[in-house]
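Worksheet: the structure to be examined is printed underneath.
Predicted model only: the values in this text are computed from it and were never measured. Sequence positions, counted from 1, serve as the residue numbers for this chain.
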Amino acid sequence: MARIQILKMVLKKMEDTQSGDICRVCRSEGSSDRPLFHPCICTGSIKWIHQECLVQWMRYSHKEYCELCGYRFSFMPIYSPDMPRRLPIRDVAGGLLSSIATAVKYWIHYTLVAIAWLGIVPLTACRVYRCLFNGSVDSVLTLPLDMLSTENIGSDIFHGCFVVTCTLFAFIGLVWLREQILHGGGPDWLEREDGGWVGGAQQQQVQAQPQVNNNLIEQPANEEVGGGDNNGDNGGGGAGDWNPLEWDRAAEELTWERLLGLDGSLVFLEHVFWVVSLNTLFILVFAFCPYHMGQLAVSALGLKHHVTASHFQGLVTTLCGYCVIGLCLVGLHSLAALLSLVKSRRVLGHCYVVVKVSLLSVVEIGVLPLICGWWLDICSLGLFDATLRDRQAGFRAAPGTSMFIHWLVGMVYVYYFASFILLLREVLRPGLLWFLRNLNDPDFSPIQEMIQLPMGRHVRRLVASAVIFGSAVLLMLWLPVRILRWAAPGFLPYTVSLHSDVQLDELSLELLLLQVILPALLEQSHTRAWLKAAIHYWCVGASWLLGLRSYVLGERAAEPPAGAAEPEEALPELGAVHHAMLQRPGPVGYQPYTAPPLFAARLAALVLLACASLATASLAVLTVPVLLGRRLMALYHGGPKPVPVHELYTAAAGAYLCWLTARSLSLLYCWRGHLAETVKTWCIIAAKCAIATLLLVGVIPLLSGLLLEVVLVSPARVPLDQSPVPWLWQDWALGVLYTKIACAVTMMGPDWGLRRGLEAVYRDGVRAIDLRRVVFQLAAPVIVGLSLALAVPYVVAHSMVPLFVTNPTIRLLVARRIYPTVLVVVAVAALVYFQVRQFSRLYEHIKNDKYLVGRRLVNYHHRQPVSQST
């Protein structure tokens, strides 16, 4: 009987367990000391949970809401029974003083961090740089006193920031170059001498490929011709040899907060000392020594007058010094090889690689774009009716600005030239542009080529690049300008300098161009597709006309024409180059072709046809948009006398009109099958877009511009004895800029309704535009807020104030100053509200710190949002 009763009790307990509520984490029941809660909207078997289990899960997942229903958990504070109803003044004052002391402590620490990194480091760098380049012993002896001087401290800190930036980039460049050498290997001559690349993978013996037609095949960087033992050469590459590339990695776990001192510790003072020391070392090694060596070389060669005439004496002299250092390293490396000094030879070889890569980087990134920019300016002088003397005068007036502008123009030209070449590769037969590097090739690495290829090859490449860039400028700029000046003498020059008394229209057009027209034009992706299609059709037509379809587009002919020679027989050099491209490793492709009779003559005709087509296209680009833009501006301004307008605006307006025309024609071509239905759909979309544009680009910018006008501009510019005259066009143009800034700030701010509305509208796009969302989530709240901000002060000043004030002077003062006064009142109220919230949080913090004993999880239906804290 006892066993039966025990069995019944066990079965009953199991039934109770199966039918009772259990925790969804630990699967246990609730008890008096561990009750179960239902803190979220979830129901069923996952409704209940222990508070300890939930706290542990929240600590592990770093989430304060349920992953299933998304409901945020809530905890109710439990205070000590002896807590007073209101905190004593002594506790509040103590907590306030403690918070102020903590804030002052952090303020002092962060001020010290800012002074150290933004003051001491750049100031030290600038004055050390000036001391070293002063060229006198007295400056070195008085350096400690100069560090403590407060004379010109602002300008010295500004110049020091530039010096620190240069040293930082130099250090990053050295580290990156080290990684490139470790992973990609060094040059062949250094690997062969070392008998193996130390620090990277050992060399692999590969079978040398045959040489074809004067070394047209590039041997791989890791290939060793003639064999050899990797462990030879006086033990070079052994495990016990010193490797200058194996640097310590003790600072891998260093975080930015600890490095800069943002973690609250004073360890950053040691980092400041090391940064100052490294800055001094880099200035001494990478600036002082090359400069003085270059100065000696310039004086010895008698080029001092020419260097001085360049207006950049320091930069040119330093580059000459690097060239001298490179030559000295080559000589010392050869001497170390003769004396069998393995370690010295290796170090000198690495130093030479660093100097060579640095010089090549400066030439390719700085000198070549600068030359392209100057050449573009020289070839475009006819567009602006300018002369070389004008450019020389501008250069003498502001050398730095002139150099920077020409470099920037050259970089833009090189970038778009490279983009055009990539577009050509998508259309033309693979292997046709064998003389141009493929930037999309995954094996293409410019730094590895700088490291591994010899200097002579780089010089030939730079000369070839300069010739190609310069010839393209001559063909697409200088020649069309000459033709245009001969065919239409009255069309040029372009209007780029205005002497107009009316600045309103120029300002409005500039803002309209920069903020509305150009972004809408440049964000379209149809231009590239149109250009690619035009190139394809031109290639089809030219290849059909000249009989070079197989050569240009890569399509095989059915049978070679009678008497047609093989490519290698017709042009031996070209065939050898194609054969070499075929033999090169990597993804560089090559498709064979069939050469027709008179292949060389057909190629020459193809080149001439391409040049003529490019010149014609460039002539059209220089004339059609500007001509259309001038007509549009003439219609806009009206009147018998034409108003001069900057050609940037006319060209932009004409280009946008051309784009709209081309886009409309392409859409009509795509809709030719179901034109009526598509036109109806797009008419609805156009109507929605028109309403949205009217609200978002018309009404809101106008209201924001008017509000800023009456709040800030008019009180600051217009005296009380004058009447302000609003310029709605200018207010709207400025409001466009203010609206874009407000949208950018909103998108970067916290998540709230206006930001979600902007993201939704941007995500929907033009075709799926939701007009209801645009009107009710975006336009209506903003328009109502701006309208109230404009209307309420006006009504108060002109309707309510006259009921109580009879003095007209006071009425005028109130009417003119009510808007800035309301702004000040709103700002003060917001500041007071912020301070009250901060004091409330401080009060809660003091109370919790002194009397809080725990927190209790709150069930879903018992939630009290006013008194609970999460």
Name each donor-acceptor pair under 3.5 Å that joins a side chain in residues 110-121 to protein atoms two or more places apart or in another chain, with its distance.
residue: Thr111; atom: OG1; partner: Trp107; partner atom: O; Å: 2.5
residue: Trp117; atom: NE1; partner: Leu260; partner atom: O; Å: 3.0

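With respect to the salt-bridge test (charged N to carboxylate O, under 4.0 angstrom), the residues Glu844 and Arg841 do not qualify.
Aromatic pair His311/Phe395: centroids less than 6.0 angstrom apart.
Between the side chain of Thr317 and the backbone N or O of Gly314, no donor-acceptor pair lies under 3.5 Å. Listed for the Ser149 side chain is no donor-acceptor partner under 3.5 Å among the backbone atoms of Leu145. No donor-acceptor pair under 3.5 Å is formed between the side chain of His109 and the backbone N or O of Leu266. Lys356 contributes no side-chain N or O that, together with a main-chain N or O of Gly326, makes up a donor-acceptor pair within less than 3.5 Å. With hydrogens and angles disregarded, no donor-acceptor distance shorter than 3.5 Å links the side chain of Ser402 to the backbone of Ala398. Of the possible donor and acceptor atoms, none in the side chain of His159 sits under 3.5 Å from a partner among the backbone N and O of Cys126. Looking at Arg755, its side chain does come within 3.5 Å of a backbone N or O of Gly749 through a donor-acceptor pair. Counting only distance, with no hydrogens or angles, the side chain of Ser98 and the backbone of Gly94 share no donor-acceptor pair below 3.5 Å. In this structure, Trp407 contributes its side chain and Ile365 its backbone to a donor-acceptor pair below 3.5 Å.
Residues forming a side-chain contact (heavy atoms from CB on, under 4.5 Å) with Tyr843 (at least two apart in sequence, or on another chain): Arg86, Leu87, Val92. Applying the side chain to side chain donor-acceptor pair (under 3.5 Å) test to Lys105 and every residue at least two apart in sequence or in another chain returns nothing.
Counting all heavy atoms, side chain and backbone alike, Leu842 lies closest to Gly95 at CD1-O, 4.1 Å. Contact detail for Met58 and Glu64: the closest heavy-atom pair is CE-CA, 3.9 Å. Of all non-hydrogen atoms in His292 and Leu132, the two that sit nearest each other are NE2-O, 4.3 Å.
Taken to the nearest 0.5 Å, the CG atom of Leu315 stands 8.0 Å off from the OG atom of Ser310. Note that the CE atom of Met411 and the CZ atom of Phe404 stand 10.5 Å from one another [nearest 0.5 Å].
The shortest distance between side-chain heavy atoms of Val128 and Val276 does not fall below 4.5 Å.
Within 6.0 Å of CD1 in Ile89 there are 12 or fewer heavy atoms belonging to other residues, nucleotides or ligands. For Gln56, the CD atom counts as loosely surrounded, since its 6.0 Å shell holds 12 or fewer non-hydrogen atoms of other residues, nucleotides or ligands. Atom CZ of Phe444 has more than 12 heavy atoms from other residues, nucleotides or ligands within 6.0 Å.
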